[in-house]
Amino acid sequence: MKKLLKHRELLLVGIIAIMVAGFATRAPGFATPGNLANIFNDTSILIILALGQMTVILTKSIDLSVAANLAFTGMAVAMMDAAYPGMPLALLVILAVGIGAALGAINGMLVWWLRIPPIVVTLGTLTIYRGMAFVLSGGAWVNSHQMTPGFLNFPRLPVLGMPLLSWMAIAIVLMMWVVLTRTQFGRATYASGGNPTAAVYAGIDIGRTRFFAFTLSGALAGLAGYLWVSRYAVAYVDVAAGFELDTVAACVIGGISIAGGIGTVAGAVLGALFLGVIKNALPVIGISPFAQMAISGIVIVAAVVFNARAERKAGRIILRDRGAKEVSA
Amino acid sequence: MEMAPIQDSRGSERATILEMRGISQIFPGVKALDGVNISLHPGEVTALIGENGAGKSTLVKILTGIYVPSEGEIFIDGQPVSFASAQDAVDAGVTAIHQETVLFDELSVAENIFLGHAPRTRFGLIDWKTMNARAGELLHVLESEIDPTIRLKDLSIAQRHLVAIARALSVEAQIVIMDEPTAALSRKEIDDLFRIVEGLKRQGKAILFISHKFDEVYEIAENFVVFRDGRAVGHGRLAETPQDTIVRMMVGRDVSNIFPKVEVAIGKTVLSVENYCHPTEYRDISFDLKRGEILGVYGLVGAGRSEICQSLFGVTRPSSGRLVLEGETLEIRSPRDAIAAGIVYVPEERGRHGLALPMPIFQNMSLPSLARTSRSGFLKAANELALARKYAERLDLRAAALSVPVGTLSGGNQQKVVIGKWLATLPKVIILDEPTKGIDIGSKAAVHGFISELAAEGLSIIMVSSELPEILGVSDRVLVMREGLSAGVFDRSELSAETLVRAATGNA
């Protein structure tokens with residue numbers, strides 16, 4: 001199974017490479033390093049959000065409120081920057097992460113203490129957080145001329161030839177890899193989703209694990225909130241509307257089992273890049289946005305079918321000779 | 001195979017509705033039924049008696065078309081039949097009232113009774129009028145005036161049971177199987193049920209009645225069949241057979257030499273449980289456990305054995321009572337507390353409670369020990385692997401690598417991962433719930449040898465088991481539970497199969 005997963009991630013790398021090569025034949029310059037770096041930069045926010053989503057999904061939950069969280073947090077820091085131009089940027093970024101984490105913690109508490117199913121909780125808070133963004137701003141926009149140059153330029157600062165936004169995504173990828181594979185919390189997320197009952201019997205508090213997963217997802221959504229409004233130089237209520245589904249799609253394409261307990265950081269990143277390549281390529285080769293959505297949808301369904309088949313293979317093997325074969329294979 | 005020869009005074013001229021000949025059911029590694037013969041007669045109740053795991057449920061599943069037997073033949077009214085599905089069995093006139101009835105809370109009584117075979121109108125729609133009327137008639141026959149149109153969730157447990165019986169009788173059936181029908185009923189409700197059974201007898205139906213309780217069996221049944229280890233070891237007429245004879249048949253073989261008991265020096269008291277109570281599962285359970293001691297916990301299924309063990313492990317919490325571990329009174333609020341205190345529980349259902357199948361072997365093994373293998377919150381894979389390797393070697397775990405997912409292992413090896421995972425926590429007290437369930441006879445002895453080894457190393461062991469030979473062979477003392485209460489603690493010197501069965505069934 002591990003082999004299969006590794007195989008699967010290589011497969012995804014292969015598919016992305018083929019896609020890039022294919023698009024390059026239609027649109028010269030698509031495969032240049034500069035354009036690829038652009039695509040990565042464009043996908044950075046999705047990567048960050050997908051890693052938070054992945055952590056939640058690993059615990060057999062789902063966080064539909066990430067995009068609304070992003071919109072509220074982005075609005076909040078944009079308004080603060082506009083109102084108090086003297087505020088240091090570092091403080092604003094910390095505030096964005098803190099507000100996002102707080103909103104995520106609300107999801108987590110509702111799931112942990114009130115034992116409400118995560119999909120219901122975050123469907124509710126999705127609307128609430130968007131509503132809060134509206135109440136906060138009164139429906140008004142924060143435009144680029146209201147924001148300070150420091151606030152706007154930070155993600156674009158070039159470091160070693162790449163914008164800081166890309167570097168932040170890389171840093172988050174490394175951090176999440178350490179968290180999920182090298183900490184007790186990470187192991188607890190896999191166990192909570194892989195077999196909740198066995199996790200309880202092993203002394204793991206599933207509710208607490210989920211709470212931290214939601215808080216982490218919220219914190220990343222908060223960070224993404226700042227990055228988004230700064231990158232697109234505008235904050236309004238409907239920022240990133242529907243983007244939560246892209247994060248789920250990235251996870252599913254990347255082989256994160258929607259039933260929990262299975263998936264890797266590399267998978268989630270590749271899933272996000274896959275979507276990023278499609279989004280960037282289709283307009284270049286002249287495919288309409290509606291066809292783009294249909295194509296993304298088909299890819300997601302195909303990925304789910306693929307996942308389901310892979311997971312069925314991992315089932316218990318009753319026949320002993322088959323079991324031995326599987327182990328030695 | 002020895003067959004207790006009990007003569008049937010009326011001989012074989014009685015009519016036979018159902019006859020099963022040489023039925024065997026083989027699962028991978030386990031022979032659940034081995035050449036069983038059974039006959040059922042019209043207007044008579046035949047009691048099927050046996051320990052848990054003797055093969056009774058397997059027989060019921062064959063008769064209701066859920067399993068297809070590996071060998072043997074079934075005849076109904078002299079005609080050979082074979083059931084490929086549950087519907088085939090119903091069509092052949094076999095119906096069953098199950099131990100745990102599966103009914104639907106949100107549907108009406110009539111819908112529950114006729115689910116799947118509701119009367120239809122000319123247009124193929126459900127004929128509610130006819131359905132409600134027929135449900136009323138069925139309930140009336142059962143001397144009940146439950147309104148067929150009310151929702152099931154508004155009924156009491158006993159009334160639900162009547163609905164389940166009405167459902168079983170709503171199909172034309174000549175053979176009625178009742179699988180522990182009295183388990184959830186009070187004495188008065190049992191009397192009502194028995195009146196219904198008498199009514200069925202008068203209608204000439206043949207009834208197979210499965211029960212643990214001797215008083216009920218003698219009250220309602222004419223014939224009996226005793227199962228042991230998948231074989232029918234005795235049959236006959238109850239009126240001519242004293243209880244002692246049946247108990248001996250159930251217990252059967254001489255068990256003293258099967259599991260070599262290793263003599264272990266028993267030390268000081270490690271764990272004392274005083275007056276443990278739970279609002280619904282058990283009451284006033286007290287026992288001591290010493291260092292190096294194996295305490296068997298025996299009882300019928302549903303006697304509260306697993307429930308008390310789950311409370312000791314913090315999965316559920318007792319409403320009152322005291323737990324003292326090595327002189328210190330502890331309150332165990334969660335499995336985490338229990339593991340920290342040194343009490344661990346190896347559950348009965350290893351798949352559901354024991355393992356995260358997609359995770360690698362070594363991660364499953366280290367899961368409860370992460371605090372020890374990690375350094376300042378960060379996992380140390382090398383420590384985890386070392387831990388897993390140590391217990392894999394000790395338990396002779398066969399796997400290609402410790403990094404393969406547990407889901408790819410065979411059942412026996414999965415069991416070893418579960419046990420290894422708990423031994424790795426360095427416990428003081430280990431609770432084993434049905435440690436040899438689903439394991440073939442040969443491997444059982446190895447498991448028992450291993451349990452004795454653990455005791456010799458100074459671990460204290462609580463072993464829940466439904467298998468008498470296992471309890472008798474391995475335990476130093478035995479706590480017997482019956483219906484959530486303690487039915488006594490027996491020392492090794494006073495242990496005998498008869499004593500335990502009597503205590504467990506309340507047949508003093």
Side-chain angles (χ1 to χ4, degrees), chain A residues 1-6 58-60 178-208 255-257 259-264 307 310-329, chain B residues 27-29 310 313-315 334-340 344-347 349-361 363-371 373-381 384 398-401 403-414 418 421-422 425:
Chain A
M1 181 68 199
K2 189 168 182 184
K3 237 178 186 170
L4 215 138
L5 272 179
K6 276 207 167 131
L58 280 179
T59 68
K60 235 183 179 63
V178 170
V179 167
L180 287 175
T181 62
R182 292 286 181 270
T183 66
Q184 292 193 41
F185 164 73
R187 186 63 56 76
T189 61
Y190 280 96
S192 302
N195 183 345
T197 320
V200 170
Y201 275 66
I204 288 168
D205 190 331
I206 297 182
R208 226 177 60 145
I256 318 301
S257 166
I262 304 175
T264 62
N307 274 356
E311 275 162 40
R312 196 161 38 206
K313 267 204 173 153
R316 207 161 75 92
I317 297 158
I318 294 173
L319 297 172
R320 283 179 187 185
D321 48 337
R322 292 291 300 278
K325 237 182 237 164
E326 190 82 3
V327 166
S328 56
Chain B
F27 297 117
Q310 286 172 357
F313 187 58
V315 176
S334 67
R336 198 189 189 85
D337 289 354
I339 294 166
V344 302
Y345 176 64
V346 181
E349 292 180 55
R350 55 178 175 259
R352 205 155 66 84
H353 296 157
L355 297 168
L357 295 181
M359 284 168 63
I361 296 171
Q363 291 187 2
N364 267 287
M365 280 227 200
S366 63
L367 198 55
S369 309
L370 284 182
T373 61
S374 308
R375 207 153 304 145
S376 53
F378 285 95
L379 303 173
K380 292 278 170 209
E384 287 181 55
R398 306 266 167 84
S403 55
V404 302
V406 168
T408 61
L409 297 179
S410 69
N413 279 317
Q414 289 189 3
V418 179
K421 146 176 159 174
W422 291 117
T425 64

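First the proteins, then the strands, lettered A, B, ... as listed; each starts at 1.
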So OH of A:Tyr201 and NZ of B:Lys421: to nearest 0.5 Å the spacing works out to 11.0 Å
For the residue pair B:Ala356 and A:Gly194, what are the closest heavy atoms and their distance?
-> CB-C, 4.2 Å
B:Ser369, part contacting chain A, at a heavy-atom distance under 4.5 Å = neither
For A:Gly203 against B:Ile339, the heavy-atom pair lying closest together | N-CD1, 3.7 Å
Considering only heavy atoms, which portion of B:Leu370 lies under 4.5 Å from any heavy atom of chain A: side chain, backbone, both, or neither?
-> both
All side-chain hydrogen bond (donor to acceptor under 3.5 Å, both in side chains) counterparts of B:Asn413, not counting sequence neighbours | B:Ser410
Point-to-point distance, once rounded to the nearest 0.5 Å, from CD1 of A:Ile204 to CZ of B:Arg336 = 8.0 Å
Do A:Asn195 and B:Leu357 have side-chain heavy atoms sitting under 4.5 Å apart?
-> no
Toward chain B, the part of A:Val179 with a non-hydrogen atom under 4.5 Å | neither
For B:Gly354 and A:Ala198 the tightest heavy-atom approach is C-CB, 3.6 Å
Less than 4.5 Å apart, any side-chain heavy atom of A:Asp205 and any of B:Ser334?
-> no
Applying a criterion of heavy atom separation less than 4.5 Å, what residues of residues 180-188 of chain A form contacts with chain B?
-> A:Thr181, A:Arg182, A:Thr183, A:Gln184, A:Arg187
